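Only a predicted model underlies this, so the values are computations on that prediction, with no experimental measurement involved.
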Amino acid sequence: RVRVRTENNCEARDIVQVKDTLLFGYNVFIGLKNEITVADVFGLYKLKNEEGFAIEPTAIAGSFLDDSEFVKDFHELYSAKLIKLENSNKRILAYFQIGKSLNDIRVFRWTINNDDTISYIDDRGERELDVIPTHDFEWIGTTRKDHVTGNNPHISILDEVFVETVGGDLTIKVENNTEDGLGIYREDVEDKNQSLADAGVYYAKLGSLILLKILPYRETNWRYLVFNTLNNQVNRIDALAHSCIQLPEDHGIIFPGGYYLQSGETKSFGSNADGMIFESSKKSPNGEDILFKFYKADEGKIGLFNYNLIRKELSTPLFGHGFCLFDNGHGILFSSESDESSRLHPMQIWQ
């Protein structure tokens with residue numbers, strides 16, 4: 001554990017690795033200053049490992065942050081708020097919020113050249129931003145063709161599981177039996193008098209798992225359920241609304257805050273990951289581990305979930321506000337301890 005010092009009181013926002021240097025970004029309050037400078041928002045640091053780990057500042061002068069065109073464009077931003085830093089595909093990106101919405105952004109971009117020099121491009125990086133899918137599958141909507149009529153009508157999902165929201169509850173069945181209203185799972189619905197066609201029902205088949213997305217009549221919150229065809233187990237996991245990614249080799253799924261395996265094993269790590277969406281994943285060199293990164297844009301908060309394919313387990317997740325990973329496996333994670341600005345920013349160095 002180390003602490004990084006900044007010149008001014010600020011709210012730390014993000015950190016990325018740029019070659020052998022750390023680019024640290026934060027938001028400072030102007031106070032009595034006439035304008036914000038590059039050094040008030042960005043700092044460059046080096047990770048040292050001599051008699052123990054330390055993160056020490058290095059000069060901005062002469063660096064890629066000292067480019068005259070960048071400095072000019074930066075000053076034209078005036079009072080924008082830094083929300084994110086990114087280093088991917090030979091690009092360094094700095095996201096600034098310029099309006100009331102998180103979608104109102106200006107993105108500075110640099111390119112990392114083949115000779116490892118860094119060149120400033122422009123402040124129009126939002127043009128090349130990719131929209132990362134929050135789910136790596138498509139939800140399929142049910143239609144009238146899937147309806148099975150009878151005394152207790154239901155909707156057939158691939159003839160493997162049967163769903164209905166009539167009669168006062170949401171019921172999941174494993175038998176195509178409309179004479180009997182009983183099932184293996186049920187929960188109340190708000191409107192007791194709805195018909196079979198009133199509910200919105202979607203599904204996705206992922207290996208032995210069937211994911212269900214259901215909106216009963218006159219309700220505003222979708223319900224998310226996982227049906228396991230191997231053991232007829234049903235679990236409600238509303239975190240699937242925000243993000244859901246398939247684990248490799250048909251192991252199961254991972255979502256903000258937990259996982260569900262094909263075996264039926266499931267685990268949740270509490271509410272720290274509420275509202276997060278999937279951002280990226282990275283395999284370890286031996287392919288045994290996969291690091292999943294989830295992100296909550298309005299708070300700049302990240303969740304790191306490491307899944308081991310051999311042990312089929314998820315390590316206790318790490319949460320913070322910035323993270324970077326070196327080629328030798330060292331990682332740096334920092335968390336803003338409070339909403340108050342500070343000159344000292346705690347960071348963890350992981351091996």
How long is the gap from CZ on Phe42 to OG1 on Thr37, to the nearest 0.5 Å?
11.0 Å
Glu190 side, atom CD; Leu170 side, atom CG - distance, nearest 0.5 Å
12.0 Å
Is it true that a side-chain atom of Lys19 and a backbone atom of Ile112 form a donor plus acceptor pair closer than 3.5 Å?
no
Taking the six-membered ring of Tyr295 as reference, does the NZ or CZ atom of Lys84 fall below 6.0 Å from its centre and within a 45° cone about the axis?
yes
Here the pair of heavy atoms bringing Ala80 nearest to Ile98 is CB-CG2, 3.9 Å
Which of Lys72, Arg106, Arg109 passes salt bridge (Lys or Arg N to Asp or Glu O under 4.0 Å) with Asp123? Answer is Arg106
Go through the side-chain N and O atoms of Tyr260 and Gln233 and say whether any donor and acceptor fall under 3.5 Å apart.
yes
Greater than 12 external heavy atoms within 6.0 Å of Phe269's CZ:
yes
Looking at side-chain heavy atoms only, is the closest gap between Leu240 and Trp222 below 4.5 Å?
no
I need the minimum non-hydrogen distance between Ser281 and Phe292, along with the two atoms involved.
CB-CD2, 3.9 Å
Side chain to side chain, Lys312 and Glu265, heavy atoms closer than 4.5 Å
no
Electrostatic pair Lys293-Glu279, nearest N-O below 4.0 angstrom
yes
Considering non-hydrogen atoms only, spot the tightest contact between Phe323 and Gly331 and give its length.
CE1-CA, 4.2 Å
Sub-3.5 Å donor-acceptor pair from the side chain of Asp136 to the main-chain atoms of Gln246, do we have one?
yes
Does the side-chain hydrogen bond (donor to acceptor under 3.5 Å, both in side chains) test come out yes or no for Asp40 and Asn8, once each step is laid out?
CA-CA 7 Å; Asp40 291 327; Asn8 301 301; 2.9 Å; yes
Going by an N to O cut-off under 4.0 Å, is there a salt bridge joining Glu187 and Arg223?
yes
Tell me whether the rings of Phe108 and Trp110 are parallel (<30°), tilted (30 to 60°) or perpendicular (>60°).
tilted
Quick one, Thr165 and Asp198 - any side-chain contact, counting heavy atoms below 4.5 Å?
no
Distance col, row Gln97:CD vs Ile105:CD1, nearest 0.5 angstrom, shows 9.5 Å
Give a yes or no on whether Asn328 atom CG has more than 12 heavy-atom contacts from other residues, nucleotides or ligands under 6.0 Å away.
yes
Between His330 and Phe53 (judged by ring centroids, cut-off 6.0 Å), do the two rings come close enough to count as a pair?
yes
Can you establish whether the number of heavy atoms outside Lys283 located under 6.0 Å from its atom NZ is more than 12?
no
Quick check against the 3.5 Å criterion: does Asp115 have a side-chain atom that pairs as donor or acceptor with the backbone of Thr117?
yes
When you compare the side chain of Asn228 with that of Ser208, does any pair of heavy atoms fall below 4.5 Å?
yes
Flag side-chain contact, heavy atom, 4.5 Å: Pro57 against Glu7
no
Any side-chain to backbone donor/acceptor pair from Asn151 onto Thr178? Under 3.5 Å, distance only.
no
Should the heavy atoms of other residues, nucleotides or ligands under 6.0 Å from CD of Glu299 be counted, would the total exceed 12?
yes
Determine, using the 4.5 Å side-chain heavy-atom cutoff (strictly less than), whether Ile15 and Leu47 are members of one ILVMFWY cluster.
yes
Measure from the side-chain N and O atoms of Asn27 to the backbone N and O of Leu82, and report whether any donor-acceptor pair falls under 3.5 Å.
yes
ring-ring contact (aromatic ring centres under 6.0 Å, His included) for His251 and Tyr259? Distances and angles first, verdict last.
CA-CA 10 Å; His251 279 210; Tyr259 64 84; over 10 Å; no
State the CZ-CG distance between Arg13 and Leu85, to the nearest 0.5 angstrom.
10.0 Å
Taking Glu288 for its side chain and Ile310 for its backbone only, find out whether a donor-acceptor pair lies under 3.5 Å.
no
Is there a side-chain contact between Tyr95 and Asp14 in this structure, where contact means two heavy atoms from C-beta onward sitting under 4.5 Å apart?
no
Starting from the C-alpha separation in whole Å, work towards a yes-or-no answer on side-chain contact (heavy atoms from CB on, under 4.5 Å) for Ile55 and Ile332.
CA-CA 10 Å; Ile55 299 176; Ile332 296 177; 4.0 Å; yes
Answer yes or no: is there a donor N or O on one side and an acceptor on the other, between the side chain of Tyr224 and the main chain of Leu212, under 3.5 Å?
no
Under a 3.5 Å distance rule, please check whether Gln194 uses its side chain to pair with a backbone N or O of Asp191 as donor and acceptor.
yes
Is there any ring-ring contact (aromatic ring centres under 6.0 Å, His included) pair reaching into residues 156-186, and which pairs are they, with sequence neighbours excluded?
His154-Phe162
Is it the case that over 12 heavy atoms from other parts of the model lie below 6.0 angstrom from the CZ atom of Arg5?
no
Counting distance only, does the side-chain N/O of Ser341 pair as donor-acceptor with the main-chain N or O of Asn9 below 3.5 Å?
no
Please tell me if the side chains of Ile253 and Val226 come closer than 4.5 Å, counting only heavy atoms from C-beta onward.
yes
Taken to the nearest 0.5 Å, the spacing of Glu164 CD from Asn152 CG works out to 7.0 Å
The reported gap from CD1 in Ile60 to CG in Leu65 (rounded to nearest 0.5 angstrom) is 5.5 Å
Please check this pair: side chain of Thr58 against backbone of Lys46, looking for a donor-acceptor N/O pair closer than 3.5 Å.
no
Parallel, tilted or perpendicular: ring planes of Phe294 versus Phe305, cut at 30 and 60 degrees:
perpendicular
For the residue pair Phe137 and Trp139, categorise the inter-ring angle as parallel (less than 30°), tilted (30 to 60°) or perpendicular (more than 60°).
perpendicular
According to a 4.5 Å side-chain heavy-atom criterion applied to Ile, Leu, Val, Met, Phe, Trp and Tyr, with indirect links allowed, do Val189 and Val161 form part of one hydrophobic cluster?
yes
Is the shortest side-chain heavy-atom distance between Val18 and Val16 below 4.5 Å?
yes
